[in-house]
Amino acid sequence: QVQLVETGGGLVQAGGSLRLSCARSGRTVSSCSMGWFRQAPGKERDFVAAISWSGTDRYYADSVKGRFTISRDNDKNTVYLQMNSLKPEDTAVYYCAAKTGHDNTYFILSRSNNYDYWGQGTQVTVSS
């Protein structure tokens with residue numbers, strides 16, 4: 001079993017920055033891609049960003065390109081989401097997810113149903 005714990009959420013003004021962290025523990029999973037998704041009240045869970053095991057492949061939703069950066073530190077079993085130039089529409093619960101296996105394409109990593117493990121989520125609120 002793999003456990004994921006997100007931290008770093010909070011309240012920030014528009015234009016500000018936050019960095020989310022997702023710490024992975026439990027059974028070591030090799031070749032594990034990681035993703036960030038978000039869900040606003042009354043809306044579906046949307047893809048935000050994903051990164052392959054090696055960090056070579058990184059994908060972003062169009063709505064966050066140029067503002068958000070996903071990265072990982074495999075020695076620390078942690079993945080990060082640096083969020084800059086935040087907007088009120090970025091307000092949501094942000095979830096970290098882990099996907100086992102070797103398929104690292106955007107088509108696979110951008111879809112929530114392809115992930116095997118999920119964190120509990122962390123709230124991000126951006127005030128105008």
Side-chain angles (χ1 to χ4, degrees):
Q1 191 69 15
V2 173
Q3 290 81 42
L4 303 174
V5 178
E6 303 98 332
T7 56
L11 174 64
V12 64
Q13 288 187 335
S17 299
L18 283 174
R19 188 175 83 153
L20 305 184
S21 299
C22 174
R24 187 174 78 248
S25 62
R27 183 173 70 93
T28 300
V29 180
S30 61
S31 301
C32 184
S33 298
M34 302 294 295
W36 286 98
F37 291 78
R38 66 187 182 186
Q39 188 167 19
K43 296 187 177 181
E44 295 184 351
R45 189 170 297 188
D46 291 331
F47 170 72
V48 176
I51 187 168
S52 59
W53 166 252
S54 65
T56 301
D57 300 306
R58 308 185 191 199
Y59 307 108
Y60 298 93
D62 288 342
S63 59
V64 306
K65 279 182 182 177
R67 300 188 299 121
F68 290 11
T69 302
I70 189 171
S71 61
R72 66 189 299 162
D73 185 337
N74 287 337
D75 291 337
K76 296 182 179 179
N77 289 326
T78 301
V79 64
Y80 305 97
L81 185 68
Q82 178 66 44
M83 306 186 295
N84 298 329
S85 301
L86 282 162
K87 304 175 181 179
E89 50 263 44
D90 294 318
T91 295
V93 177
Y94 283 70
Y95 296 92
C96 171
K99 177 194 170 301
T100 59
H102 299 271
D103 195 331
N104 293 325
T105 63
Y106 173 84
F107 181 83
I108 295 297
L109 296 185
S110 63
R111 285 156 175 79
S112 59
N113 60 346
N114 290 322
Y115 286 81
D116 303 292
Y117 304 99
W118 289 85
Q120 82 290 347
T122 185
Q123 176 70 46
V124 171
T125 302
V126 184
S127 63
S128 57

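Counting only residues at least two apart or on different chains, no disulfide bond (SG atoms under 2.5 Å apart) pair has a member in residues 99-128. Applying the ring pair (Phe, Tyr, Trp, His ring centres under 6.0 Å) rule to pairs touching residues 75-100 yields nothing, sequence neighbours excluded. Listed by first and then second residue, the ring pair (Phe, Tyr, Trp, His ring centres under 6.0 Å) pairs that reach into residues 56-79 are Tyr59-Tyr106, sequence neighbours excluded.
Rounding to the nearest 0.5 Å gives a distance of 9.0 Å between CG of Asn77 and CE of Met34. Here CG of Asp90 is found 7.0 Å from OG of Ser63. Values are rounded to the nearest 0.5 Å. Note that OG1 of Thr100 and OH of Tyr115 are 11.0 Å apart. Values are rounded to the nearest 0.5 Å. Interatomic distance, Arg38 CZ to Met83 CE, rounded to the nearest 0.5 Å: 9.0 Å. A distance of 13.5 Å separates OG in Ser21 from CZ in Arg72, rounded to the nearest 0.5 Å. Taking CH2 of Trp118 as the start and OG of Ser112 as the end, the distance is 5.0 Å to the nearest 0.5 Å.
At a threshold of 4.5 Å between side-chain heavy atoms, the hydrophobic network of Ile, Leu, Val, Met, Phe, Trp and Tyr places Val124 and Leu4 in one connected group.
Taking every heavy atom of both residues into account, Ala50 and Leu109 meet most closely at CB-CB, 3.8 Å. Nearest approach of Gln123 to Val93, heavy atoms of both residues: OE1-CG2, 3.2 Å. Shortest non-hydrogen contact noted between Arg58 and Thr69 is NH1-CG2, 4.3 Å.
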Tabulate below the donor-acceptor pairs under 3.5 Å that side-chain atoms of residues 7-19 make, not counting sequence neighbours, or state none.
unit_1	atom_1	unit_2	atom_2	d
Ser17	OG	Asn84	OD1	2.9

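Ala23 meets the side chain to side chain contact (heavy atoms under 4.5 Å, CB included) test with Thr78; sequence neighbours excluded. Residues meeting the side-chain hydrogen bond (donor to acceptor under 3.5 Å, both in side chains) test with Ser127, sequence neighbours left out: none. Ser71 is linked by a side-chain hydrogen bond (donor to acceptor under 3.5 Å, both in side chains) to nothing, counting only residues two or more places apart in sequence or in another chain. With sequence neighbours left out, Ser85 forms a side chain to side chain contact (heavy atoms under 4.5 Å, CB included) with Arg67. For Glu89, the side chain to side chain contact (heavy atoms under 4.5 Å, CB included) partners are Lys87, not counting sequence neighbours. With sequence neighbours excluded, the residues satisfying side chain to side chain contact (heavy atoms under 4.5 Å, CB included) with Thr56 are Ser52, Ser54. Applying the side-chain hydrogen bond (donor to acceptor under 3.5 Å, both in side chains) test to Asp46 and every residue at least two apart in sequence or in another chain returns nothing. Applying the salt bridge (Lys or Arg N to Asp or Glu O under 4.0 Å) test to Asp62 and every residue at least two apart in sequence or in another chain returns Lys65.
Between the Thr91 side chain and the Val126 main chain, a donor and an acceptor come within less than 3.5 Å of each other. The main-chain N or O of Thr122 is never found under 3.5 Å from a side-chain atom of Glu6 such that the two would form a donor-acceptor pair. Side chain of Asn74 to backbone of Trp53: a donor-acceptor contact under 3.5 angstrom is found.
At a threshold of 4.5 Å between non-hydrogen side-chain atoms, the residues Leu81 and Val48 count as touching.
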Before giving the answer on side chain to side chain contact (heavy atoms under 4.5 Å, CB included), spell out for Trp36 and Ile51 the whole-Å C-alpha distance, their side-chain angles and the decisive distance to 0.1 Å. CA-CA 9 Å; Trp36 286 98; Ile51 187 168; over 6 Å; no

